[in-house]
Structure formats: C-alpha cells, structure tokens
Amino acid sequence: MCGIVGYVGNRDCTEVLMEGLSRLEYRGYDSAGIAVFEDQAIRVAKSKGRLADLQEKMKTEGVPKGHAGIGHTRWATHGEPSDRNSHPHGGGSVTIVHNGIIENYKRLKEFLLSKGIRFESDTDTEVVAQLLDYYYQKTPGNPVDAIIRTMQQLEGSYALGIIFADFPDMVFALRKESPLIVGVGENESFIASDVTAILRYTRKYFLLEPDEIAVLSRRETKIYDLHYRRIEKELKTADWDVSAAEKCGYEHFMLKEIHEQPTAVRTTITPRITEGMPDLTECGITPERLAAFRRIHVVACGTAMHAGMVGKYIIEKLAHVPVNVDIASEFRYREPLVGKGDLVIIISQSGETADSLAAMRLAKELGAETLAIVNAKGSSIAREADMLIYTHAGPEIAVASTKAYMVQIAVMYLLAFELAFAKGTITEEECRRLTALLQEVPEQIASLLEHKEMTQMIASELITADSLLYIGRGLDYALSMEGSLKLKEISYIHSESYAAGELKHGTISLITENMPVIAVATQRHLFDKTISNIKEVKARGAKVILVCHEGYTPEKDVADFCFPLPDFEDLLMPMLAVVPLQLIAYYTAVHKGTDVDKPRNLAKSVTVE
Ligand code: M6R
C-alpha cells in the first residue's frame with residue numbers, strides 16, 4: 001500500500017525521492033507527490049495517477065530544487081484518488097506523508113474544526129498534519145514534543161514522514177504498525193517504507209520499531225522513544241543488491257520472479273536440510289516441539305492462504321495431524337476455537353499484512369504457539385511470532401505473488417516431512433526419499449521454464465473469455481485456487497476454482513462454450529475421477545485445457561490442449577503444476593495489455609484491514 005520516501009543530504013532531493021518512489025510503485029498506488037525544501041520554503045508537487053503523471057506536471061509547473069524533502073505514493077482509503085487528496089498534506093508549518101489509517105480521525109477533525117482550523121482534503125492524513133501543527137504552535141521550536149503529543153492522540157496504524165518549515169535541513173519520521181526504515185549514507189539520511197527504495201544509495205539502515213521517532217539530518221540520525229529518550233539501535237545491512245529490485249532485461253518483474261523460482265527454492269530449503277533430513281532447529285523448531293501439537297491452524301490471506309491449503313493436504317496426508325486453513329480476516333473475528341496445544345502458522349510474504357498480524361496476535365492471546373513463515377526480514381509478523389522460518393525468495397516486486405508462493409509451499413513440505421517423521425507416520429527412509437525429491441524440484445522447475453511457448457499459445461486462446469473455471473481434486477484443487485487468483489488479479493478475467501467433484505452440485509450450470517476450463521490432474525489416484533469430471537464439462541461445450549503428467553494423450557472428448565508436466569512424485573506436483581498456471585496468467589495479461597506488475601486497485605502489502 002502507500003509508499004514513503006524521505007531524504008536529507010547533498011543530492012538533488014527530487015531525483016532521490018522520485019527514484020525511491022519508483023522502487024515502491026509495486027506496492028500499489030493511485031496518486032503521488034513530493035514536498036521539498038527550496039530556498040528554505042516547502043514546495044509541494046502532487047498528482048493523481050502514476051509517477052509519470054507527476055513528472056509531467058512538474059515539467060509544466062517546475063521541478064522543486066533542494067536537498068531535503070519527503071515523497072509519497074498513495075493508495076486511497078479516505079477520499080477518492082485526486083490531486084487534492086494526494087500526499088503530502090500540510091497544516092500550517094508542518095507537511096507530512098502518511099502510510100496507514102487513522103481510526104479516530106473524525107473525532108480529531110471535529111476537535112480541530114472547533115478550533116477554527118479548515119481542511120482542504122477528505123483525508124485522515126490532513127487531520128494528522130493539522131494536529132501536529134496545532135501542538136507545534138503550543139511549543140514552537142520543539143518538533144519532537146509536537147510529534148509525541150500528536151502520537152498520544154492517534155489511534156490506528158501509521159508511519160509518517162514529516163518536515164517542519166522551521167527546520168529546513170531535517171526530516172522527521174515515526175511509526176506505529178506500518179513499517180518504516182531509516183537509511184544511513186555518507187552525509188545523508190533516508191526514510192523509506194522498505195529498503196528497496198534506497199538500495200541504490202545505501203544498504204545500511206535502522207528498522208524503526210513502533211512508537212519510535214527518527215530525527216534525520218545530513219550528519220546524523222537520532223532515534224527517540226515516546227518519552228523523548230534517545231535510543232541506540234543496531235545498524236542493519238540489507239543483503240539484497242540493487243539488481244534484486246530491477247527487471248534485469250525481463251519485460252516485467254512478474255516474469256523475472258517466475259524465473260527466479262528455482263533459485264528461491266534452493267536458497268530456502270538448502271540451509272534447512274542436514275544430512276538428507278529436514279532440520280528446522282535454526283528456526284527454533286525441534287521434532288519434539290512439533291510433534292507435541294494436537295492441531296494446526298494455518299492463517300493467511302490471498303496467495304499465502306493458498307500455500308496453506310497445499311500445506312493442509314500434505315500435513316494431513318503425511319503426519320495425520322488435523323489442519324484448518326483460515327482466511328485471516330475471518331479468523332480474527334469469528335472467535336476461533338484455538339488454544340493451548342495448538343500451533344498457528346501464519347504465512348506472509350510481506351510480514352505486514354494487517355489481518356494476518358492481528359490474527360497472529362489473537363492466536364497468542366488465546367494461548368496457541370505461533371510459527372511465522374515470512375519473506376520480508378524484520379517485518380512485524382517475523383518479529384512477533386514464537387517461531388520463525390524465513391523464506392529466502394528475495395524481494396518480490398510484482399503485486400501478483402509467484403516466487404513467494406513457491407517458497408512458502410517448499411517450507412510447508414519441509415515442515416510436513418519433519419512432523420511426519422517426528423510423529424512416526426513416515427519412516428526415516430521415506431523422509432529421506434521425499435527430502436531428496438524436494439531437492440530435485442528446482443531443476444524440474446527450471447526445465448519447465450524452458451518450455452513457455454505452449455503457455456503463450458494457451459493464453460492467446462483465453463483473452464476473449466469473460467470467465468474461466470479452474471478444477472481439480474485434492475492437491476490439484478488446492479493448487480487451482482492459486483492459478484485462478486493469478487489469472488483474475490492480473491488479466492481482469494473473472495475466474496473461480498472449484499473442486500472437480502463438486503461441479504455438478506450447481507456450478508456446472510455456468511458451463512457453455514464461452515467458459516474455458518483449466519483442469520489440473522496430477523494426482524494419479526484421482527486421475528480417472530478428474531477425467532470423468534472433465535468429460536462432463538467438455539460435453540457441455542467448454543474448451544478444456546488439461547495440465548497433467550506427460551505421456552497422457554487426451555481423447556477429443558477430454559481436452560483441447562494438454563500441458564505435459566514431468567513424470568515426478570505426485571505429492572510434490574503442486575510445485576511444478578503452478579508454473580504453467582503462473583505463465584498462463586502472465587501471458588494472458590500481457591496479451592490483454594494490462595499493467596501486469598501493478599494491477600488496478602491492488603496493493604502489494606495490505607497494511608489496512
Ligand atoms: O504479504 P502477504 O503474503 O501477507 O500478502 C497476502 C496477500 O495480500 C497476497 O498474497 C495477495 O493475494 C497477492 N497479491 C496475490 O498475488
């Protein structure tokens with residue numbers, strides 16, 4: 001969601017802000033703006049639309065010139081996307097950018113209105129700017145005091161970048177829930193929603209914790225708590241290089257990230273395998289600890305929840321432990337039956353998804369132990385979980401998740417193997433065999449990626465469809481949920497995933513020749529049953545695309561196209577079958593000319609509920 005960048009140093013501030021914002025575009029946004037100190041005065045430029053629209057506007061209205069300022073990409077929550085509602089927002093001598101939601105903004109606005117203060121936008125952010133100015137006017141010359149007083153009034157989740165007209169060489173920042181980092185360079189300092197925005201200039205950064213306030217100048221960065229006490233923090237070094245956040249010749253980040261999957265899987269699983277056996281001890285997970293749980297709940301959103309669905313099938317099959325999979329936004333409000341003896345697994349790429357974070361906190365309150373599977377280092381979910389397994393996918397920039405899903409399921413396999421062995425439901429020999437097969441997966445994915453042409457051809461057949469159905473049974477059903485989500489989020493074609501055996505209980509009435517069906521049938525023990533379901537849709541006119549093991553030649557009454565997958569272990573097939581589904585979604589979106597990496601209305605990290 002919204003992105004924040006701030007800078008103070010000797011470089012051209014507008015250039016740094018625009019470059020940083022361009023790195024945050026992936027988070028999703030509908031307007032952008034910057035505020036820069038120019039000749040000691042604050043100059044603001046903002047525009048509805050993309051950064052390119054802001055650039056255009058600055059061409060005609062003039063580019064702010066200076067060495068300190070703040071910038072923002074906004075994903076609208078309060079008030080439509082418009083120039084007027086774009087950040088930065090001002091209040092007297094204060095200008096701010098904001099990520100998150102101020103829940104009590106109405107009450108605060110009424111208070112400020114009662115003091116005669118007038119508002120220019122519909123945003124909750126302007127209320128914060130005005131409140132900051134209100135307190136600043138009470139103690140002029142003491143910005144941190146005004147910040148602390150304001151923070152004491154705010155309810156909700158937020159990160160703020162602030163400049164005060166009286167302090168032209170300084171940038172102030174703070175956070176509560178919404179992430180923010182402080183970058184440290186040679187005679188320059190930065191703030192950013194995530195480290196990708198500043199990688200070009202520095203890899204050194206502080207991770208701001210909730211209720212911490214950063215005061216940045218050219219020479220130094222000071223961090224305070226809410227009692228105005230100085231805090232010493234560990235300076236971290238980002239282990240990603242700039243290329244991790246660049247397209248490197250690929251047309252889109254999504255395609256690049258699909259191709260990064262073999263490496264991502266290898267980097268994620270290799271350190272967790274010792275002498276041929278899964279080994280999660282570095283993550284605080286011992287076989288004994290795992291085996292003691294009576295039940296597992298997986299709680300997540302979107303693609304991460306789909307990874308949990310695959311996890312459910314494999315854990316139940318191998319370890320015989322019941323697994324519930326919950327959508328985090330449902331789990332947190334339905335008084336879940338979770339407690340002591342339960343393990344709650346939270347899966348999240350960003351580690352900042354508001355619903356997943358809240359669900360994890362609830363699970364802890366209820367007495368369950370929590371295990372986070374997270375990609376973003378140092379994120380809130382990673383920090384608060386009892387146990388943590390980092391996925392090592394590197395930064396995922398495309399809004400549509402691909403490599404993060406792949407490594408999430410890779411971790412679910414490791415967990416399932418370890419748990420099953422610990423429970424004695426598989427032998428050591430079987431555990432070793434499955435672990436060895438998991439290590440072969442990267443190579444298998446790489447060879448699949450060499451045969452993209454067929455997915456391009458299938459995609460060209462789908463672009464005229466208004467609606468699609470994905471069907472499968474068992475693991476194939478779990479997987480088809482992800483295939484369907486990928487297609488709809490980037491190609492804007494409606495699609496649903498359905499358990500193949502459930503179709504004739506209602507949904508089959510939708511089938512016509514205008515509704516293509518993508519059928520996944522990789523589970524040999526279910527193959528004939530799925531083929532029967534496919535015949536049912538084919539008989540009703542649907543065009544069928546079948547994804548199954550190589551060597552099967554479908555009759556005319558089964559499928560129009562068949563995408564062959566390597567002959568591999570059924571249990572691990574989701575890691576292979578997802579690749580053509582990702583590519584079909586990708587090429588369909590490309591054929592349709594949509595904004596593949598930044599699909600409309602979507603944000604990469606959903607930090608509001
Ligand atoms: O960062 P998270 O993994 O917690 O995000 C969860 C979902 O918002 C995310 O997977 C979303 O569904 C993706 N856009 C799907 O491609």
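Counting starts at 1 for both ligands and their atoms, in listed order.
- At a heavy-atom cutoff of 4.0 Å, ligand 1 is contacted by the side chain of Glu489 but not by its backbone.
- From the protein, the heavy atom lying nearest to atom 1 (O) of ligand 1 is Ser350 OG, 2.7 Å.
- When only non-hydrogen protein atoms are considered, atom 11 (C) of ligand 1 lies nearest to Thr303 N, 4.2 Å.
- For the salt bridge (Lys or Arg N to Asp or Glu O under 4.0 Å) test, no residue two or more places apart in sequence or in another chain qualifies with Lys247.
- Nearest non-hydrogen protein atom to atom 5 (O) of ligand 1 is Thr353 OG1, 3.5 Å.
- In terms of protein heavy atoms, atom 3 (O) of ligand 1 is closest to Gln349 N, 2.6 Å.
- Under 4.0 Å from ligand 1, not a single heavy atom of Met305 appears.
- Not a single heavy atom of Leu602 sits less than 4.0 Å from an atom of ligand 1.
- Looking at atom 6 (C) of ligand 1, its nearest protein heavy atom turns out to be Cys301 O, 3.3 Å.
- Atom CE in Met412 sits 11.5 Å away from atom CZ in Phe417 (nearest 0.5 Å).
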Note to self: Applying side-chain contact (heavy atoms from CB on, under 4.5 Å) to His87 and Ser31, what does each step give before you reach the verdict?
What the structure shows: CA-CA 8 Å; His87 300 207; Ser31 59; over 6 Å; no
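- The shortest N or O to N or O distance between Gln408 and ligand 1 is not under 3.5 Å.
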Next item on the list: Applying side-chain contact (heavy atoms from CB on, under 4.5 Å), run through Ile191 and Leu208 and close with a yes or a no.
Entry: CA-CA 10 Å; Ile191 55 168; Leu208 219 54; over 6 Å; no
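- For ligand 1, one of its N or O atoms has an N or O atom of Val399 under 3.5 Å away.
- Residue pairs meeting the side-chain hydrogen bond (donor to acceptor under 3.5 Å, both in side chains) criterion with at least one partner in residues 447-458, sequence neighbours excluded, are His259-Lys452.
- Nearest protein neighbour of atom 8 (O) of ligand 1, counting heavy atoms only, is Val606 CG2, 4.0 Å.
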